[in-house]
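As C-alpha cells, the structure follows; a few thoughts come after it.
By convention here, the first residue in the shown sequence is residue 1.
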Amino acid sequence: MAAGKYWDFPPLPAPHEYGNVLISRISVENKVKPVLFPHWSHRARFSCRVCHFELDFAFATNKTEITEAENRNGLYCGSCHDGVRAFGHTEGNCERCHSGYGSTDAEKFEAFRRPLPSAPFGNKIHWGYALEDGLIRPAYSLFHADEKPMDFDRELELQAEWTYVPPAYFPHAKHTPWLDCANCHPDIFNVKKKTTQHFSMEYILEGKFCGVCHLRVAFPLDDCKGCHPRISR
C-alpha cells in the first residue's frame with residue numbers, strides 16, 4: 001500500500017532541516033530577525049518534557065509569548081541560555097539564534113547524525129534506538145536530577161477505520177522517556193480509552209492528536225510502519 005496515494009502528506013524538508021522551527025511571533029514587527037530553533041541539537045541533550053512541560057513552551061509554533069526580557073530573567077530559552085549552562089543573552093550572541101532563516105549547517109548535522117541509528121524519514125535519525133542504546137542521554141528534568149519517567153508500559157491497539165489497514169499501536173513506554181503524561185492528557189487525548197473522538201488521519205494531518213508531534217519533529221507520517229507495523233507499502 002502506497003500511503004501517499006491516499007493521503008496528502010506535507011513535503012519533507014532536508015534531514016538537517018527537519019524539526020527546525022522559525023520563531024517569529026514578534027520579531028519581524030520589531031525589525032529583529034526571527035530565531036531558528038533546531039530540535040535535533042536540543043533533543044540530544046534534553047527530553048521534550050523539559051521545554052514543553054517544565055519551561056511551558058506550547059507545541060504550536062509562535063504560540064508561546066516569549067520576550068527578550070523574560071529570557072533575560074531566566075524564563076523560556078533563558079532557563080538554559082544564561083551564560084553558564086549555554087551561551088547567554090548577550091549582544092555578541094544575538095545572531096547565534098536570530099539568524100533569520102530556517103536552515104542549519106548540513107555538515108555539522110551530518111557529523112552529529114552519522115554515529116546514530118538511522119531511520120528512513122524525517123531527519124534520518126532513529127531517536128528511540130539512540131536513546132535505548134545510550135548514544136544520547138537527554139535530561140528528563142532541568143530542575144530535578146532524580147526525576148524519572150513513569151514506569152508505564154501499556155500498549156494500545158488502535159483499530160483503523162479502513163478494513164484493509166492494519167491497526168496502529170501506541171506504546172506508552174516509547175513515549176514516557178521523552179514526555180510527561182500532561183503533555184498528552186487531557187488536552188490532546190482523553191485519559192479513558194476509546195473516548196477521544198474524531199481520531200482519524202484527516203485530523204492528524206491537520207496537526208491534531210498524533211499530528212501535534214508526528215508532522216514536524218517526531219518521525220513523520222510518511223513512516224507508516226512506525227505506527228502501523230503490519231502495513232505493506
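Ring-plane geometry between Tyr76 and Phe57 is classed as perpendicular, the angle between the planes exceeding 60 degrees on a 0 to 90 degree scale with a lower cut at 30. Using the six-membered ring where Trp is involved, His52 and His39 have ring planes that are parallel, under 30° apart on the 30 and 60° scheme. Between Phe170 and Phe189, the ring planes are tilted. Angles from 30° to 60° get that label.
Looking at Glu110 and His16, their side chains never bring a donor and an acceptor atom within 3.5 Å of each other. Donor-acceptor pairing under 3.5 Å is lacking for the side chains of Glu161 and Ser200.
Other residues, nucleotides and ligands place no more than 12 heavy atoms under 6.0 Å from the CG atom of Asp151. Taking a 6.0 Å sphere around CZ of Phe152, one finds it holds more than 12 heavy atoms contributed by other residues, nucleotides or ligands.
By the 4.5 Å heavy-atom criterion applied to side chains, Phe109 and Ile125 are counted as neighbours. The shortest side-chain heavy-atom distance between Arg113 and Lys108 does not fall under the 4.5 Å cut-off.
A donor-acceptor distance shorter than 3.5 angstrom exists from the side chain of His98 to the backbone of Lys33, with no hydrogens or angles considered.
At a threshold of 4.5 Å between side-chain heavy atoms, the hydrophobic network of Ile, Leu, Val, Met, Phe, Trp and Tyr places Met150 and Leu142 in two separate groups. Hydrophobic clustering, with ILVMFWY side chains joined whenever heavy atoms are under 4.5 angstrom apart, keeps Phe219 apart from Met201.
No option in Trp40, Phe37, Phe112 other than Trp40 meets the side-chain contact (heavy atoms from CB on, under 4.5 Å) test with Thr104.
In this structure, Tyr140 and Ser47 approach most closely via the heavy-atom pair O-OG, 3.3 Å. Here the closest non-hydrogen pair linking Phe46 and Pro138 is C-CB, 3.5 Å. When all heavy atoms of Cys48 and Leu179 are compared, the pair lying nearest together is CB-CD2, 3.7 Å. In terms of heavy atoms, Glu155 sits closest to Pro171 at OE2-CB, 3.9 Å. The minimum heavy-atom distance linking Leu135 with Pro117 is given by the pair CD1-CD, 3.6 Å. Of all the heavy atoms in Leu215 and Leu205, the pair that sits closest is CD1-O, 3.7 Å.
Within the model, atoms CZ of Arg216 and CG of Leu12 stand 12.5 Å from one another, a figure rounded to the nearest 0.5 Å.
Relative to the six-membered ring of Trp178, Arg49 misses at least one condition, a distance below 6.0 Å or an angle of at most 45° to the axis.
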Begin from the C-alpha positions of Arg25 and Glu65 and carry the test salt bridge (Lys or Arg N to Asp or Glu O under 4.0 Å) through to its verdict. CA-CA 8 Å; Arg25 187 179 64 88; Glu65 297 185 359; 5.2 Å; no
